[in-house]
Protein chains: 2
Amino acid sequence: MAGIKDLARECGVSVATVSRALNGHPEVSVETRRQVQQAAERLGYRPSQSARALVRGRSDAVGLLWDSGYETAGRKHPFLLSLLVGLKQALSDVGRHLILLNVDVDRQGPRAYLDTARQFQVDGVIVMGVDDHRPALRELFESSLPCVAIDHDIAGPRACCVTSDNRAGAVEAVRHLHDLGHRRIATITGPVDLMPAVQRLRGFQQAVGELGLDLPDEYVQNGDFFMDSGYACGRRLAGLPKSRRPTAVFVAGDEMALGAMHAFADAGLDVPEDIAVVGFDDIEAASLVRPALTTVAQDSLALGTAAVSALLDFVDDRFGDRPAPESPILTPTRLVIRQSCGGGR
Amino acid sequence: MAGIKDLARECGVSVATVSRALNGHPEVSVETRRQVQQAAERLGYRPSQSARALVRGRSDAVGLLWDSGYETAGRKHPFLLSLLVGLKQALSDVGRHLILLNVDVDRQGPRAYLDTARQFQVDGVIVMGVDDHRPALRELFESSLPCVAIDHDIAGPRACCVTSDNRAGAVEAVRHLHDLGHRRIATITGPVDLMPAVQRLRGFQQAVGELGLDLPDEYVQNGDFFMDSGYACGRRLAGLPKSRRPTAVFVAGDEMALGAMHAFADAGLDVPEDIAVVGFDDIEAASLVRPALTTVAQDSLALGTAAVSALLDFVDDRFGDRPAPESPILTPTRLVIRQSCGGGR
DNA sequence: CTGAAAGCGCTTACAG
DNA sequence: CTGAAAGCGCTTACAG
């Protein structure tokens with residue numbers, strides 16, 4: 001591995017000049033720069049990340065804090081995984097890398113997140129899929145380390161939140177059902193201590209209100225994002241007397257939506273003939289089942305891009321005097337029409 | 001952020017002693033070590049990764065090379081994502097971190113993978129989901145950098161491959177169908193330039209041979225791991241005259257299996273009554289559909305653990321004189337019985 | 001425009 | 001058992 005010294009020798013200049021030439025300092029002569037760049041190319045020179053990070057106090061890497069209990073793996077939050085792809089892509093576009101930080105908060109105590117991030121000198125951290133109530137998170141948000149959480153409503157001097165426009169997505173879904181002629185529209189919610197779940201519920205309520213629809217209590221069923229809860233809620237809706245039974249359901253998560261569809265099938269109801277279903281997230285299974293699920297897709301690339309750019313805004317703000325966004329940064333959703341509401345292709 | 005100097009001052013010893021105490025060098029006195037450890041705890045001291053990596057020439061991090069074209073995202077190889085969780089977990093167990101290396105081979109040329117890995121001084125790299133034919137991969141495998149590929153059959157002085165025991169998994173699936181009474185068993189394969197696809201096919205052929213079953217040409221349909229190909233192959237099987245139509249299909253990937261099930265439904269065949277289906281991978285959707293898919297599950301944690309430990313074997317072998325495993329390291333699969341073959345719960 | 005020198009925060013021979 | 005010193009590979013004031 002060629003080091004900067006080899007390169008300097010090769011070019012007959014000092015290491016300082018090599019460094020300046022490669023880092024785009026304006027003072028080096030065009031001729032020198034060209035020569036150094038060519039030699040670097042030729043020798044396959046790459047500056048050592050560690051040396052650079054050590055001397056500059058930053059690493060051009062961002063850390064990812066992500067509690068992925070194994071047992072629950074992809075099962076738990078399938079969407080997180082596509083989020084990861086979005087992040088990777090967004091970082092790739094700005095020439096940074098992602099370090100999956102493994103931190104055991106239970107063993108390392110409340111400063112674990114922060115200390116680990118500093119130890120790696122990451123420029124900032126992105127947080128997703130973690131338990132909201134950890135003191136270690138507070139410690140992190142309240143520090144001066146740039147920090148962006150996806151789907152967690154947090155605040156701090158250099159911390160903000162990025163999330164899909166869950167509310168608007170829910171509104172669009174309900175409007176779609178209304179356009180299709182549905183007037184009795186129910187919902188199955190996610191766990192109401194999760195921000196996306198409450199925003200989707202709010203959007204549902206808002207749309208239902210704006211459209212002047214009836215909303216009996218039993219039209220709001222509480223699930224937990226997993227399939228079994230969707231099934232249970234679906235059974236309850238299917239069990240309503242026909243005259244009060246909803247003709248459509250907005251389900252706040254695809255996995256629950258599939259559960260609900262199974263419940264409807266078991267109750268002898270046809271989807272979409274007897275009851276229409278819209279999900280949320282657009283997980284892989286949504287397009288794999290029959291009838292394929294109409295759903296509100298999150299844009300994981302947009303989310304990743306927004307998260308990265310919010311993070312870099314903090315990083316670029318050397319003095320930390322720019323105020324952090326006070327409300328979540330929202331990313332648009334998109335209604336993907338398939339067969340579960342009829343009206344699809 | 002407390003540095004090693006602060007800690008040394010606090011304890012009234014030299015930085016050298018602090019370093020030795022914290023790194024478990026045997027020569028420091030128990031008393032000194034205890035004192036240093038306590039002070040480190042108290043001040044929340046964490047050694048700077050960059051400084052350590054710079055001086056030791058290694059980083060305790062492993063790099064991940066993973067081509068995740070965004071458009072294809074989680075869609076393309078859903079299993080890769082759960083693999084990632086397995087890797088993360090396995091690394092966490094050995095106290096290492098994972099760096100997602102973003103390398104643009106097309107722009108950076110054939111040494112891109114290797115150069116990037118060296119630049120970050122990762123202890124080794126894990127490769128998954130990449131295009132087999134890249135010259136940059138060769139360059140990597142043939143180098144002395146420890147390197148483990150998942151599901152890619154590679155070789156090199158310090159490179160090896162880890163993969164599920166695809167062959168055994170296929171055999172188990174076919175035996176299961178045979179045990180259920182099936183004698184006319186077909187298969188839908190993955191793309192035959194992919195190692196897992198050919199191993200699954202070989203396992204299928206082996207089992208069919210051992211069981212003395214007929215294997216007409218049309219019982220081997222070639223797919224590409226995606227749903228549409230599964231559908232097309234399913235149609236062809238369903239279109240066979242009833243007397244020659246298989247009563248069971250071993251499908252080399254879950255997504256294709258779902259496609260095949262749709263084809264069967266469209267042809268008026270009931271699964272599992274008229275035709276039984278076994279898939280491979282156990283993607284999320286497998287347990288979400290109805291009838292739920294019986295499938296050969298890969299163990300992503302085992303895969304991750306095997307990959308990491310193979311990698312660390314290379315790393316620990318300072319002189320590089322231990323020969324690399326010449327054949328792939330195999331990880332067991334597990335048949336998950338659900339409803340698509342009957343006989344399930 | 002360029003070079004010599006200091007220094008980032010560690011680890012590790014080398015002395016004692 | 002411990003300390004002083006060198007050095008890992010860079011960047012960046014400071015001179016010139």
Side-chain angles (χ1 to χ4, degrees), chain A residues 1-37 39-40 43-61 95 97 115-123 318, chain B residues 1-37 39-40 43-61 95 97 115-123 318:
Chain A
M1 197 61 178
I4 197 172
K5 275 187 193 163
D6 306 289
L7 196 49
R9 194 176 321 114
E10 177 84 8
C11 301
V13 297
S14 70
V15 296
T17 298
V18 170
S19 173
R20 286 188 281 245
L22 260 21
N23 286 305
H25 289 220
E27 65 263 34
V28 317
S29 74
V30 257
E31 170 56 21
T32 307
R33 188 190 307 277
R34 200 185 44 74
Q35 188 194 348
V36 171
Q37 281 172 337
L43 302 186
Y45 169 75
R46 300 272 197 119
S48 147
Q49 271 298 312
S50 338
R52 266 187 128 215
L54 180 60
V55 71
R56 304 200 317 161
R58 37 175 290 192
S59 63
D60 284 337
H97 302 259
D115 285 348
T116 305
R118 293 218 199 278
Q119 174 175 20
F120 280 82
Q121 293 181 65
V122 292
D123 297 342
R318 307 305 304 244
Chain B
M1 197 63 180
I4 197 172
K5 275 188 193 162
D6 306 289
L7 195 50
R9 195 177 319 114
E10 177 83 8
C11 299
V13 298
S14 70
V15 295
T17 299
V18 170
S19 173
R20 285 188 281 246
L22 260 21
N23 287 304
H25 289 218
E27 64 263 35
V28 317
S29 74
V30 259
E31 171 55 23
T32 306
R33 188 189 308 276
R34 200 186 44 74
Q35 189 196 345
V36 171
Q37 282 171 338
L43 301 187
Y45 169 75
R46 300 271 196 119
S48 147
Q49 270 299 313
S50 339
R52 272 190 122 213
L54 180 60
V55 70
R56 304 200 316 159
R58 36 175 290 190
S59 63
D60 285 337
H97 302 259
D115 285 347
T116 305
R118 293 217 200 277
Q119 175 176 20
F120 280 83
Q121 291 181 64
V122 292
D123 297 343
R318 307 304 304 244

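Below, chains carry the letters A, B, ... as their sequence lines are ordered, and counting in each starts from 1. Source: prediction; values computed, not measured.
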statement: Across all chains, not counting sequence neighbours, the side chain to side chain contact (heavy atoms under 4.5 Å, CB included) partners of B:Q37 are B:L22, B:R33
Can you give the donor-acceptor pairs under 3.5 Å from side chains of residues 13-20 of chain A to other protein atoms, not counting sequence neighbours?
residue, atom, partner, partner atom, Å
A:S14, OG, A:A16, N, 3.4
A:S14, OG, A:T17, N, 3.2
A:S14, OG, A:T17, OG1, 3.2
A:S19, OG, A:N23, ND2, 3.4

message: Run the side-chain hydrogen bond (donor to acceptor under 3.5 Å, both in side chains) test against A:E10 and tell me which residues pass, sequence neighbours left out.
response: A:R42
field: B:S59: side-chain hydrogen bond (donor to acceptor under 3.5 Å, both in side chains) partners, not counting sequence neighbours
entry: none
statement: One should read off an interatomic distance between B:S48 OG and A:R118 CZ, to the nearest 0.5 angstrom, of 13.0 Å
- request: Identify, with sequence neighbours excluded, every residue that meets side chain to side chain contact (heavy atoms under 4.5 Å, CB included) alongside B:D115.
  value: A:R46, B:R111
query: With sequence neighbours excluded, what pairs up with A:R52 under the salt bridge (charged side-chain N to carboxylate O under 4.0 Å, His left out) test?
result: A:D60
- prompt: Given Watson-Crick or G-U pairs with both distances under 3.5 Å, what dot-bracket string fits DNA chain D, with | for other-strand pairs and [ ] for crossing?
  reply: |||.||||||||.|||
message: Can you build the contact string for nucleotides 7-16 of chain C? Use B for base contact, S for sugar-phosphate-only contact, and - for no protein heavy atom under 4.0 Å.
response: BBBBBBB---
- prompt: In chain order, what residues pass the side-chain hydrogen bond (donor to acceptor under 3.5 Å, both in side chains) check against B:E27, with sequence neighbours excluded?
  reply: none
- prompt: When you check the phosphate oxygens OP1 and OP2 of D:dT2, does a side-chain N or O of B:T32 lie under 4.0 Å from one of them?
  reply: yes
